[in-house]
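In what follows, chains are A, B, ... by sequence order, proteins preceding strands, each numbered from 1.
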Amino acid sequence: MRLSRFPLATTKETPADAEVVSHQLLLRAGFIRKLGAGLYTWMPMGLRVLRRIENIVREEMDRAGAAELLMPSIQPAELWQQSGRWNVMGAEMLRIKDRHENDYCYGPTHEEVIVHHAKQDVRSYRQLPFNWYQVQTKFRDERRPRFGLMRAREFLMKDAYSFHMDAASLEDEYQNMRRAYARIFERIGADFRIVQADSGNIGGAKSEEFHILAGSGEDLLAVSTVGSYAANMEAAACPPSGKVRGPATQALEQVSTPGQKTCEQVSKFLNVALTAKVKLLVAKGRQGGLVAIALRGDHELNEVKAAKHPLIASPFEMARIEDVQAAFGCEVGYLGPVKCPVPLIADHAALEIADFVCGANVNDAHFKGANWERDCPIPEGFDLRRICEGDASPDGQGEIRFFRGIEGGHIFQLGRKYTEAMDFTVLDEQGQAVTPEMGCYGIGVSRLAAAVIEQRHDKDGMRWPDAIAPFRVLVCPIGTDKSERVKQAAEQLYQQLVDAGVDALLDDRGLRPGPMFADADLVGIPHRLVIGEKGLNADQYEYKRRGADKADMIPARLEALLERLRT
RNA sequence: CGGGGCGUAGCUCAGCUUGGUAGAGCGCUUGCUUCGGGAGCAAGAGGUCGCAGGUUCAAAUCCUGUCGCCCCGACCA
């Protein structure tokens, strides 16, 4: 490709509304252009990267035995009503009507459609297992689109769905996909981590996420120091520590704590450790009413875990302050488990302390020396808190450290949730109708492009790995208006590269060296060849790998160059 | 959705407080000079100041409404 015929609009200045590096560089390098909130056009240079990633995903999916199909982006409401999700999905699903006033949605995901088609074509156990996938545009009307491609409303996703006669077969395919995903992430040059995940409202049992590690990542990952455990923050388990609660040694004593409402204030005021305090949060109950949650003073509630508790409303919602005050008869700063007027549940860690400090359920007062059992009934213990850095790893090996990650892929074992809801059965060997097990596997293809930039960039621009670079080699002739020799040498080299099957780009725009190199660095093509009078006099090209400290001269022959590309 | 902010040239922004002639830098066009890391000089093109009302002799500026976008919190590839 000749750059003079290829649209490339780069800017020196960083657009004001771009926060993260990938968004800034994608805009500056002219890879994408914004059309609206969370809506982006892929310009030709950017699209080449997207397609490369897409093709790697496709190759690995095919290699793993999945079959590609393509479903419509617009889906009839009936399917979603069958699965029960039409009313569950909420505003993130874009609903539209056609001219007959029939309801449709712009597909945020395709479980319903795939099950529908599986029902049409699959009737026998002999046809299972199978895995169908597509690479397709999704629309999710995010509350807050941000960070450019990272959280766009319309984005490119690879979604795969597998069907099985039993859980063992599903497990096999799940592991198969897990391996395929690992290969994909390796091939695109990403430093990634597989973590245990919460399956969210997609439902199902087992699920893991593939995270690209980056400081700008929106997810917090809890990883053990020995690497034996890794989980998304919201899924990271906090089991009982195994410590036995000590005996009560202090008498229950009400102390005056005027104006001391937060745990930090109380702990300072009474000079006790934050870890020796029990705090109470109040949530809305699943059947209405309120539910109190006891946590250790230094811990935070994990709302995802809380929403799974049978007493607590799902999705999780804090109780209204007025309701709490009405129920407890005091301000929210003085709540405690002793004589708690609403149903009480507790995090494991809160139950492991004795002689603790807690609110007295009276304004401006706390208890010291409070103890479970003696002073209030022991509530049932659950895992309700967010894991902390420094906690023992849930698998008992090492300590927890936090990392930030960008969720690039997610694999689920859905079980029979959708096949059952949509009444998909096949006949087994005995002629009995069986509801298949289902798995689903997603990769945010467009997000991966941004995530790779987050990991691979420097002050000058992007640094693409060969596998997904928009072009592999950039030929930069210097002073073509002056030197016909340089111009012809560059043309000839470019032609040789193309003939040799190398994906080369010739910068024939006739720019001065400064802007030409600046663009080269910004766009991040991995290999750069500079052709100038000086080099030609010595029968040499200048070769530089993007990101290398300096360039070096190589013989002006194609073989020498191809040799360089191989290393 | 709740809270905060911003809409002025293709891009980044000033001007608005205290109403009166539409501004800068980058980019773009032309010419000359320059030419191995975002050149210099000169001449140009380019804006219904988001939109709609209102106040006023006069509105980018003040008021009301509206739309769009960005940022901070609950979700997800």
Counting any heavy atom closer than 4.0 Å, what does [X] reach on the DNA or RNA strands: base, sugar-phosphate only, or nothing?
X	value
Val445(A)	nothing
Asp519(A)	base
Ile443(A)	nothing
Gly532(A)	base
Ala449(A)	nothing
Arg33(A)	nothing
Gly444(A)	base

Checklist outcome for this item: Result for 5'-nearest mapping on RNA chain B, choosing between Arg153(A) and Val530(A), is Val530(A)
Next on the checklist: Pick the closest RNA chain B nucleotide for Ala518(A) and for Pro145(A) by heavy atoms, then say which residue is nearer the 5' end.
Outcome noted: Ala518(A)
Checking [Y] against [X]: is there a side-chain donor and acceptor pair closer than 3.5 Å?
X	Y	value
Thr14(A)	Gln24(A)	no
Asn302(A)	Glu234(A)	no
Arg85(A)	Tyr418(A)	yes
Ser162(A)	Glu173(A)	no

Next on the checklist: Counting distance alone, no hydrogens or angles: does the base of C70(B) have a donor or acceptor under 3.5 Å from a partner atom on the side chain of Arg146(A)?
Outcome noted: no
Item to check | Contact under 4.0 Å: Lys34(A) side-chain N or O vs C70(B) OP1/OP2 | outcome: yes
Next on the checklist: Is the phosphate of C72(B) approached by Arg144(A) (side-chain N or O, under 4.0 Å from OP1 or OP2)?
Outcome noted: yes
Checklist entry - Does the distance from a Lys or Arg side-chain N to an Asp or Glu carboxylate O, for Asp298(A) and Arg385(A), drop under 4.0 Å? => result no
Checklist entry - Salt bridge between Lys308(A) and Asp198(A), side-chain N to carboxylate O under 4.0 Å? => result yes
Measure from the side chain of [X], starting at C-beta and using heavy atoms only, and say which of [options] lies closest.
X	options	result
Glu19(A)	C72(B), G37(B), A74(B)	C72(B)
Met157(A)	C76(B), G38(B), A77(B)	A77(B)
Arg151(A)	C76(B), C72(B), G38(B)	C76(B)

Checklist entry - So, Phe155(A) and A77(B): ring centres less than 5.5 Å apart, planes less than 30° off, yes or no? => result yes
Gap in Å between the two [atom1] atoms, one belonging to [N] and one to [M], rounded:
N	M	atom1	result
G54(B)	A59(B)	P	12 Å
A22(B)	G5(B)	P	31 Å
A39(B)	U34(B)	P	16 Å
G46(B)	C28(B)	C1'	9 Å
G15(B)	A24(B)	P	15 Å
A45(B)	G3(B)	P	48 Å
C6(B)	G20(B)	C1'	27 Å
C62(B)	U17(B)	P	5 Å

Item to check | Heavy-atom pair with the smallest gap, counting every atom of Leu522(A) and Thr11(A) | outcome: CD2-O, 4.2 Å
Checklist entry - Which pair of heavy atoms, one from Pro470(A) and one from Val49(A), lies closest together, and at what distance? => result CD-CG2, 3.6 Å
Item to check | Distance in Å, Tyr161(A) OH paired with Glu112(A) CD, rounded so as to fall on 0.5 Å steps | outcome: 8.5 Å
Scan every strand shown for a Watson-Crick or G-U wobble partner of [N], both distances under 3.5 Å, and answer none if you come up empty.
N	result
G7(B)	C67(B)
U61(B)	none
G27(B)	none
C32(B)	G40(B)
G46(B)	none
A74(B)	none
A14(B)	none
U56(B)	none

Checklist entry - Quick one: does NZ or CZ of Arg193(A) land under 6.0 Å from the six-membered ring centre of Phe185(A), within 45 degrees of the ring axis? => result no
Checklist entry - Taking only residues two or more places apart in sequence, or in another chain, which ones meet Lys97(A) in a salt bridge (Lys or Arg N to Asp or Glu O under 4.0 Å)? => result Asp103(A)
Taking [atom1] from [X] and [atom2] from [N], how many angstroms apart are they, rounded to a whole number?
X	N	atom1	atom2	result
Glu317(A)	G2(B)	CD	C1'	12 Å
Phe517(A)	A39(B)	CZ	C1'	15 Å
Arg528(A)	G37(B)	CZ	P	11 Å
Glu154(A)	C76(B)	CD	C1'	16 Å
Arg509(A)	G37(B)	CZ	P	16 Å
Arg143(A)	C70(B)	CZ	C1'	18 Å
Lys12(A)	C26(B)	NZ	C1'	7 Å
Met233(A)	C75(B)	CE	P	13 Å

Item to check | Exceeds 12 heavy-atom contacts within 6.0 angstrom, atom CD1 of Ile321(A) | outcome: no
Review item, nucleotides 32-34 of chain B N/O atoms under 3.5 Å of protein N/O:
unit_1 : atom_1 : unit_2    : atom_2 : d
U34(B) : O2     : Arg512(A) : NH1    : 3.1

Checklist entry - Could you give all pairs that pass the side-chain hydrogen bond (donor to acceptor under 3.5 Å, both in side chains) test and reach residues 511-526 of chain A, with sequence neighbours left out? => result Thr10(A)-Asp519(A), Arg509(A)-Asp519(A)
Item to check | Any residue of residues 210-217 of chain A with a heavy atom less than 4.0 Å from an atom of RNA chain B | outcome: none
Checklist outcome for this item: Protein-proximity profile, nucleotides 3-13 of chain B, B/S/- by nucleotide at the 4.0 Å heavy-atom cutoff, equals --------BSS
Next on the checklist: I'd like to know whether the aromatic ring centres of Phe471(A) and Phe6(A) sit less than 6.0 Å apart in this structure.
Outcome noted: yes
Checklist entry - Hey, do the aromatic rings of His211(A) and Phe192(A) have their centres closer than 6.0 Å? => result no
Checklist outcome for this item: The ring pair (Phe, Tyr, Trp, His ring centres under 6.0 Å) partners of Phe163(A) (sequence neighbours excluded) come to Phe130(A), Phe424(A)
